[in-house]
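Take a look at the structure set out below.
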Amino acid sequence: MNILAQCCGVLLLAVILYFHSSQKKIHLNTERAFMGIWSLTFASLILDILSMVLITYSHVIPDIIVKIGCKAYVVSLVWVGMSCISYVCADIYEGRQLYQKYKEWFTLCAIVFSVVIFCLPLYICKKSPSETYTYGPAANVTYGLALSVLLVLGVLIHKHRNKINADRRKVMWVWMAVWLLGAVLEFISIEIFHSALLLVGYASAVGIIIIYLRLENPESNLDKKTGFFNRNALLLYIRQLLNSDEDFYLLCMSYSLGVGDNVPAEISEVISEEIFQFISNFSGTSVFRLTENEIVFLFLDKKEKERVYQELSERFEKPWGRDSMRMVNPRWYSMDDVRMVKRAEDCLNLFHYISQSSTEGRVSSENNDYISIDKSVMKELYKEREIENLLTQAMKRDWVEVYFQPIYSTSKQKFVSAEALVRIHDETGKAISPGVFIDIAEKTGLIVKLGEMVFEKVCRFIRDENPIQYGIEYIEVNLSLIQCGYEFLAEDFIRIMKKYEISPQYINLEITETASLDEKRMLQQNMQDLQEFGVSFSLDDFGTGHSNLNYIVDMPVDIVKFDRGMIQAYFSSDKAKYVMDAAMHMIQGMQLEIVSEGIETEEQYRTMDELGISFIQGYYFSKPLPEKEFLEFIQREAGEGSHQ
């Protein structure tokens, strides 16, 4: 009997079953569909071997039994093909009801095809004990159906390529090629050379191995350190549940040791292992490890979620570690209404968003260690994503504009500078408030590219429009906190100034107090490089709590800008007036210039002038203006003379 290839295929499938069954799984639709392919392929190989045995001993076995056995094998090939279609559809139609509907339809088709094949004649060729095979209408129809299955698979994969996992697309194309090659070689060997090169079953087994190694190995969904499921597994499972009618609940736990950042690595490792061991005792609970100290629990029963949380929170009230006896401070983020999200990734984004927001004090609750994520948080997340997408499009399509707000010199009685302010608009031309997009640009890191675009537009404006001829001595450009700590800030800005052949004396950069020592060091290095090139600096937002006198001493700035809030307080509070007078005299004593922002009335202007404030900026003179209107403004003011 020529069954060596079939026996090898059976052995390969047995090995796959051993490794697959020994690993923990999430029970995804694709996992079930894969086991369907495995089962039918295994059955097909067994039937192939059985048919060879029946043919070999056909002289002692009734002809009807031999025919049934041979046709059963031929029919099994159709079922293998239909199971592959079902496997691909498990990725396309993740909702259980829709997938089940298609699965039932595929099963009905397979039954109809099976009946047709059983009704058609099948002939047996037995040249020798080692060379036997079947042929005839039943076999030919089977080959035709197999080809049709491959065509349907190809159409599905191509049509739904955006829904199907990219790796799954590639693997299924390879599986189809292997199976088709085996079928073609077998057909040619029988129909043309009248020999028995039986490769279809073995080719199916090879295809199963390819699918397993690339897609269905359960180890790819496991965190190797803890044995919990990983981030990828969580996304796959949530995506499937969102497309079904099942309710589920998420509980995220992030923790840190209560002793700061100076915990020895070996102690931290011991405590983490003890926490993981305790969590692993919750049998029947799906546990996912996202990051080093971030665990997500997924529940199909709300009461089970409450029970697990209660037991975990009680355990965290006690110290951890065999000898260290250290307290661990967990934070909990609960999501009961998971169906409010649009995508699986949004669940994880919500956890990240709420974690960051609560750390920054933007989100509060009665229990700061347990925060329930509701629709209001989700709306904020989607709003931020919308602004982020708009900001990305604005930079890509050059919807970024620079406005200029004139700055008046009290000593020269004329406008001598301006502050460059960024503005963006959407595709309809609607302006977006800087208060909306600046924070998001900083959080996402887009502020570095945005700031570079603004600086380049300012340099181009100076070169092309030459505002210097109208008395403008320099343009002030804001730097965000993120830009201040950017390693290549000085290098990039010097390159842009050289590109537009702009003298550095026409540029003044406004800085704010940096948040960390590392950022401050990087800013000082950038400032040194830019100052050596000839750029001057201002300290922005003085009086907001972000900038202080120590910062003025540490940083080589030439100008200090009093914040609008500080100016307004000066006219409404005696204490604020006293503080500002003292600060003003100290700054002037250091031979630094002062800019008063937010001046809106003549009284405020006159008062600042009498106090000896060097520069005035605010709506009293002008709001921020687009390039063209700003040029018209400074041309008109230069022609009319000094402000009275």
Side-chain angles (χ1 to χ4, degrees), residues 360-362 403-423 431-439 442 475-481 508-515 537-552 555 557-590 592-625 629-630 633 637 643-644:
E360 296 171 356
R362 292 187 287 126
Y403 280 45
F404 298 89
Q405 187 170 30
I407 299 176
Y408 186 78
S409 169
T410 56
S411 60
K412 296 182 180 179
Q413 294 285 294
K414 65 177 183 178
F415 294 97
V416 296
S417 62
E419 180 179 1
L421 300 165
V422 62
R423 299 288 186 268
I432 309 299
S433 169
V436 172
F437 68 81
I438 291 296
D439 285 346
E442 290 185 338
I475 302 292
E476 296 181 355
V477 181
N478 282 287
L479 296 181
S480 73
L481 287 175
N508 179 277
L509 298 177
E510 297 184 6
I511 65 170
T512 54
E513 184 177 358
T514 55
F537 284 86
S538 301
L539 181 62
D540 197 15
D541 292 336
F542 185 84
T544 62
H546 298 294
S547 299
N548 55 53
L549 291 174
N550 287 333
Y551 215 71
I552 297 174
M555 293 298 181
V557 297
D558 302 308
I559 300 172
V560 177
K561 302 191 75 171
F562 281 0
D563 177 74
R564 177 182 180 276
M566 187 175 184
I567 298 299
Q568 298 300 318
Y570 180 88
F571 292 95
S572 60
S573 169
D574 291 337
K575 289 183 179 180
K577 182 176 181 181
Y578 179 83
V579 171
M580 181 173 162
D581 283 338
M584 180 186 63
H585 288 305
M586 283 189 287
I587 293 170
Q588 290 173 337
M590 288 186 280
L592 301 178
E593 305 286 0
I594 298 176
V595 176
S596 287
E597 296 182 296
I599 300 301
E600 299 177 355
T601 66
E602 184 171 356
E603 177 193 359
Q604 291 175 343
Y605 161 68
R606 297 296 180 189
T607 302
M608 294 298 110
D609 187 18
E610 292 170 2
L611 290 172
I613 298 296
S614 308
F615 303 103
I616 306 295
Q617 177 182 352
Y619 275 40
Y620 174 66
F621 291 114
S622 173
K623 64 181 181 180
L625 301 169
E629 293 182 26
F630 172 71
F633 178 88
E637 291 294 324
H643 177 82
Q644 301 298 325

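The ring-ring contact (aromatic ring centres under 6.0 Å, His included) search around Phe633 returns Phe415, not counting sequence neighbours. By the ring-ring contact (aromatic ring centres under 6.0 Å, His included) test, Phe615 is found to be paired with no residue, residues two or more places apart in sequence or in another chain being considered. By the side chain to side chain contact (heavy atoms under 4.5 Å, CB included) test, Asp558 is found to be paired with Ser536, residues two or more places apart in sequence or in another chain being considered.
Val422 approaches Pro434 most closely through the heavy-atom pair O-CG, 3.9 Å. Residue Ser538 comes nearest to Val557 through the heavy atom pair C-CG1, 4.1 Å, listed as atom of the first residue, atom of the second, then distance. Residues Gln588 and Ile594 share a closest heavy-atom pair of CG-CD1, 3.9 Å.
In this structure, the side chain of Gln604 engages the main chain of Glu600 through a donor-acceptor pair within 3.5 Å. The main-chain N or O of Gly435 is found under 3.5 Å from a side-chain atom of Ser433 such that the two form a donor-acceptor pair. Remark: side-chain polar atoms of Ser573 are not paired, donor with acceptor, to backbone N or O of Ala569 under 3.5 angstrom. The backbone N or O of Phe537 lies less than 3.5 Å from no partner atom in the side chain of Glu476, so there is not a single donor-acceptor pair. Side-chain N or O atoms of Gln413 include one that pairs as donor or acceptor with a backbone N or O of Thr410 at under 3.5 Å. Between the Ser622 side chain and the Gly618 main chain, no donor and acceptor come within less than 3.5 Å of each other.
Checked against the 6.0 Å centroid threshold, Phe621 and Tyr605 count as a close aromatic pair.
Atoms OG and OH, from Ser596 and Tyr570 in turn, are 9.5 Å apart once rounded to the nearest 0.5 Å. Between Ile613 atom CD1 and Ile599 atom CD1 the span is 8.5 Å, to the nearest 0.5 Å. For the atom pair CG of Leu539 and CG of Leu592, the computed distance is 9.5 Å after rounding to the nearest 0.5 Å.
Within a 6.0 Å sphere centred on CZ of Phe571, heavy atoms belonging to other residues, nucleotides or ligands number more than 12.
Electrostatic pairing of Lys561 and Glu510 counts as a salt bridge here, judged by a charged N lying under 4.0 Å from a carboxylate O. Looking at Arg606 and Glu602, a side-chain N of the basic residue comes within less than 4.0 Å of a carboxylate O on the acidic one, giving a salt bridge.
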Margin query: One pair to check against side chain to side chain contact (heavy atoms under 4.5 Å, CB included): Met608 and Leu611. What are the steps and the verdict?
Written below: CA-CA 5 Å; Met608 294 298 110; Leu611 290 172; 3.8 Å; yes
